[in-house]
Structure formats: C-alpha cells, structure tokens
Enquirer: 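Supplied in structure tokens, the structure appears directly below.
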Number of protein chains: 2
Amino acid sequence: MRVSTRFSDSIHLLAFLKIYADQRLTSDLIASSIETSPVVVRRLMGKLRQAGLITTTPGSAQPALAKPLDQISLLTIFYAVEGDKPLFAVDPKTNPDCIVGGNIQTVLQQYYQDAQTAAEARLAKTSLQDIVDNILVEQAKKEALS
Amino acid sequence: MRVSTRFSDSIHLLAFLKIYADQRLTSDLIASSIETSPVVVRRLMGKLRQAGLITTTPGSAQPALAKPLDQISLLTIFYAVEGDKPLFAVDPKTNPDCIVGGNIQTVLQQYYQDAQTAAEARLAKTSLQDIVDNILVEQAKKEALS
DNA sequence: ATCACAGTAATTAATCTAGTTACAGGAGGC
DNA sequence: GCCTCCTGTAACTAGATTAATTACTGTGAT
C-alpha cells in the first residue's frame with residue numbers, strides 16, 4: 001500500500017463533518033463511520049487542525065470545517081496528512097564512484113518530481129465540495145433502486 | 001516511503017547494463033553500483049525478465065536489454081516491479097450503513113485513478129534512453145569541473 | 001463535582017522492504 | 001568428468017511504517 005489510508009480516511013472525516021453537521025460529532029461517532037478507533041480519528045483531526053482545515057474544542061464534541069467546502073482541495077488534505085513524503089523514492093545510497101551510481105539520483109529526482117507534480121495537479125482540481133456532491137449522488141442512486 | 005526503491009534501483013540496473021555493456025555483468029558488480037546485495041539484484045532481474053525487458057542466462061553473467069533503450073519507458077519499468085499496487089489506497093473497510101462510509105470508496109476510486117493516471121502519463125513520456133543520456137551529461141559536467 | 005469528551009503518549013500487532021544465508025543447478029574451462 | 005563461477009530462489013531476519021489499543025491529562029457543560 002503506497003499511501004496510507006490516512007489520506008482516504010481524512011477525506012472521509014471531512015465529508016462526514018459536512019453531511020452530519022446536525023449530529024453530535026464525537027470522535028466515537030466519526031470512528032464508527034470510518035470503522036476505526038476514536039483515537040485514530042482524533043489523531044487525524046489533530047493533523048487537520050494544524051493544517052487549518054478544521055477547528056476543534058477540547059472537551060467538547062464540536063469539530064467544524066474552518067473553510068468553505070470548495071476551498072478545500074484534495075491536495076490540501078493530502079499535504080495536511082501525508083505531504084512530507086514523496087510518492088516516488090530515490091534510492092539515497094548508491095556508489096558515487098560509478099557513472100550510474102554517481103549520477104542516477106540527480107537524474108531521477110527531476111523525473112520523479114514531474115510525475116508527482118502531475119498527480120498533485122489532479123488532486124488540486126478536486127474540492128471537498130465535489131466529493132460531498134458525488135457522495136450524495138451515489139446515495140441517491142442507491143435509494144432510487146430500493 | 002511510498003514507492004519502494006525497487007523502482008529506482010531497477011532503472012539504475014537497466015542503465016548500468018547499457019553503460020557498462022563491455023564489462024562482465026555479474027550480479028555482484030551491479031550490486032556494488034547500487035550498493036545492495038547480489039541477491040537483491042538477481043531478484044530485480046527476475047522481475048525485469050518476466051516483464052520481457054531483459055534476457056538472462058542461468059549460470060552465465062550475461063544479462064542484456066531485450067529492447068532498444070528508447071522503447072523502454074519508466075512506466076514500463078514501474079509496472080514490471082511495482083505495477084500491481086495503486087499509488088493511493090482507498091480504505092476498503094468503512095461503514096456501509098453511513099451515507100459517507102457507504103459511498104466514499106466509489107467516489108474516491110475515480111479521483112485516485114485520475115491522479116495515478118496523470119503520474120503514469122509522465123512516467124510514460126520518459127525512456128531509458130533519456131535516463132542514460134542524462135546520466136552521461138551529468139558525468140560530463142563533473143569531469144569538466146575536475 | 002461529575003460526566004462526557006478531546007488531546008496525546010506509549011505500546012502492540014501486522015505488514016512491507018531490504019538484506020542475508022543457504023542451496024540447487026547451468027555454463028564453461030581444464 | 002570435475003571444478004569454479006555464476007544465476008535463480010527459498011527461507012529467514014531486521015527495520016520501518018501503519019493502525020489499533022490502552023491509559024492518562026485536562027477541558028467544557030451541567
């Protein structure tokens with residue numbers, strides 16, 4: 001698994017805050033939707049809070065989105081919870097006395113960065129609003145069938 | 001680390017086969033350039049052979065590229081050694097009875113795939129020829145300075 | 001004061017990667 | 001044939017990362 005489910009779970013969490021805004025948003029309730037533990041949820045919320053995406057109140061179950069949905073992109077969320085690690089890793093330890101080993105890192109770095117940037121540009125195009133909209137559409141489809 | 005150094009090391013290995021084609025290409029020699037063990041090199045070569053990128057002879061140190069350099073893209077190599085796993089993981093276990101948990105996987109799947117496809121398109125644009133050319137250019141720069 | 005909850009550290013278990021050891025079998029020289 | 005060097009692989013080990021769990025401190029509301 002390349003990128004941990006932290007990213008996926010964080011999107012889930014933020015969408016949950018919006019769609020169930022009328023509920024008491026305890027970490028327990030959120031955890032039951034993600035099917036994880038409340039501690040994992042609180043840790044995720046900690047990262048999202050540090051990134052300025054949500055506000056929380058210690059002791060009180062009232063997390064809230066800090067920005068409008070359409071101003072939170074998937075890329076913003078990605079950086080909040082996973083952004084410190086590159087998607088593609090360059091082997092940092094190769095033989096500097098070899099023509100290949102001595103130059104491969106420099107060469108790969110640029111191509112890897114290009115590929116990562118292309119993926120990030122895609123993530124930047126999608127907002128949490130798109131995610132929430134799509135979730136509601138999918139839900140409506142299900143209900144139409146039942 | 002998202003993508004293991006297998007990818008990076010495989011590119012290294014293939015470039016090495018080209019640049020040092022005049023040497024006895026034992027797994028030991030290649031390993032000394034990547035700074036890993038000969039077994040790791042032979043395992044990588046196994047995957048590259050299965051993918052049709054190189055030919056090898058059991059018992060004899062003569063691995064060779066199976067295609068022209070410009071017909072091997074970074075994407076081909078990526079698939080050969082890492083291609084079975086997505087770059088972004090969707091949490092497979094969420095609560096189906098929740099509007100978010102029940103639909104998030106379907107929704108994220110598409111966006112994740114788009115991001116991965118964008119990265120892959122970038123990798124497809126670069127060939128092993130580009131890598132080898134760049135390595136030789138970098139090496140020439142170093143030699144010019146000394 | 002009490003109760004429900006957030007925030008967070010520490011530990012555990014599962015998974016993945018890379019490295020190592022070990023060994024079976026092919027290639028080629030003698 | 002036999003010896004040596006090599007590939008191909010399996011099995012095991014060590015380290016890193018993730019997610020889950022336990023346990024605790026401290027806040028907010030009643």
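Excluded from the calculations below are hydrogen atoms, water molecules and symmetry mates; all remaining heavy atoms, backbone and side chain alike, are included. Each chain gets a letter, A, B and so on, in the order the sequences are listed, and its residues count up from 1.
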Enquirer: By a strict heavy-atom criterion of less than 4.0 Å, which residues belonging to residues 95-109 of chain A are in contact with DNA chain D?
Expert: none

Enquirer: From C-beta outward on A:T36, which listed nucleotide comes closest to its side chain: D:dA20, D:dG8, C:dA18?
Expert: D:dA20

Enquirer: For the residue pair B:Y112 and A:F7, categorise the inter-ring angle as parallel (less than 30°), tilted (30 to 60°) or perpendicular (more than 60°).
Expert: parallel

Enquirer: Kindly give the heavy-atom pair with the smallest separation between A:A118 and B:R122, and that separation in Å.
Expert: CB-CG, 3.7 Å

Enquirer: Whole angstrom is fine here: how far is it from CD1 in B:I30 over to P in D:dC5?
Expert: 18 Å

Enquirer: Quick one: is C:dT15 close enough that its OP1 or OP2 comes under 4.0 Å of any side-chain N or O from B:K85?
Expert: no

Enquirer: Which heavy atom of A:R6 sits nearest a heavy atom of A:V81, and at what distance?
Expert: NE-O, 3.5 Å

Enquirer: Could you identify which residues of residues 17-27 of chain B place a heavy atom less than 4.0 Å from some atom of DNA chain D, listed by residue number, or say none?
Expert: B:R24, B:L25, B:T26, B:S27

Enquirer: More 5' along DNA chain D: A:D9 or A:V39, using each one's nearest nucleotide?
Expert: A:D9

Enquirer: For the pair B:K18 and B:L128, evaluate side chain to side chain contact (heavy atoms under 4.5 Å, CB included) and give the outcome as yes or no after the intermediate values.
Expert: CA-CA 10 Å; B:K18 171 66 180 182; B:L128 205 50; over 6 Å; no

Enquirer: Report the residues that fulfil side-chain contact (heavy atoms from CB on, under 4.5 Å) with B:V39, sequence neighbours left out, ordered by chain and then residue number.
Expert: B:S37, B:R42, B:R43

Enquirer: Applying a 4.0 Å non-hydrogen cut-off, can you work out what B:R6 is touching in the nucleic acid: base, sugar-phosphate, or nothing?
Expert: sugar-phosphate

Enquirer: Please step through side-chain hydrogen bond (donor to acceptor under 3.5 Å, both in side chains) for the pair A:Q113 and A:Q109, ending with a clear verdict.
Expert: CA-CA 6 Å; A:Q113 184 58 56; A:Q109 192 61 48; 4.8 Å; no

Enquirer: Is any side-chain N or O of B:R43 closer than 4.0 Å to OP1 or OP2 of D:dA10?
Expert: no

Enquirer: Go through residues 57-65 of chain A and report each residue with a non-hydrogen atom lying under 4.0 Å from DNA chain C, sorted by number.
Expert: A:T57, A:P58, A:G59, A:S60, A:A61

Enquirer: Can you name the side-chain contact (heavy atoms from CB on, under 4.5 Å) partners of A:T76, sequence neighbours left out?
Expert: A:L53, A:S73

Enquirer: Please enumerate all residues that pass side-chain contact (heavy atoms from CB on, under 4.5 Å) together with A:P68, with sequence neighbours excluded.
Expert: A:D70, A:Q71

Enquirer: Any side-chain N or O of A:S4 under 4.0 Å from OP1/OP2 of D:dA19?
Expert: yes

Enquirer: Step by step, work out the side chain to side chain contact (heavy atoms under 4.5 Å, CB included) result for A:I11 and B:Y111.
Expert: CA-CA 12 Å; A:I11 299 169; B:Y111 292 111; over 6 Å; no

Enquirer: Looking at B:R42 and C:dT20, is any side-chain donor or acceptor paired with a base atom of the opposite kind under 3.5 Å?
Expert: no

Enquirer: Do B:Q62 and B:S60 get their side chains close enough for a donor-acceptor pair, meaning under 3.5 Å?
Expert: yes

Enquirer: What I'd like to find out is whether the side chain of A:D130 reaches to under 4.5 Å of the side chain of B:V107, using heavy atoms alone.
Expert: no

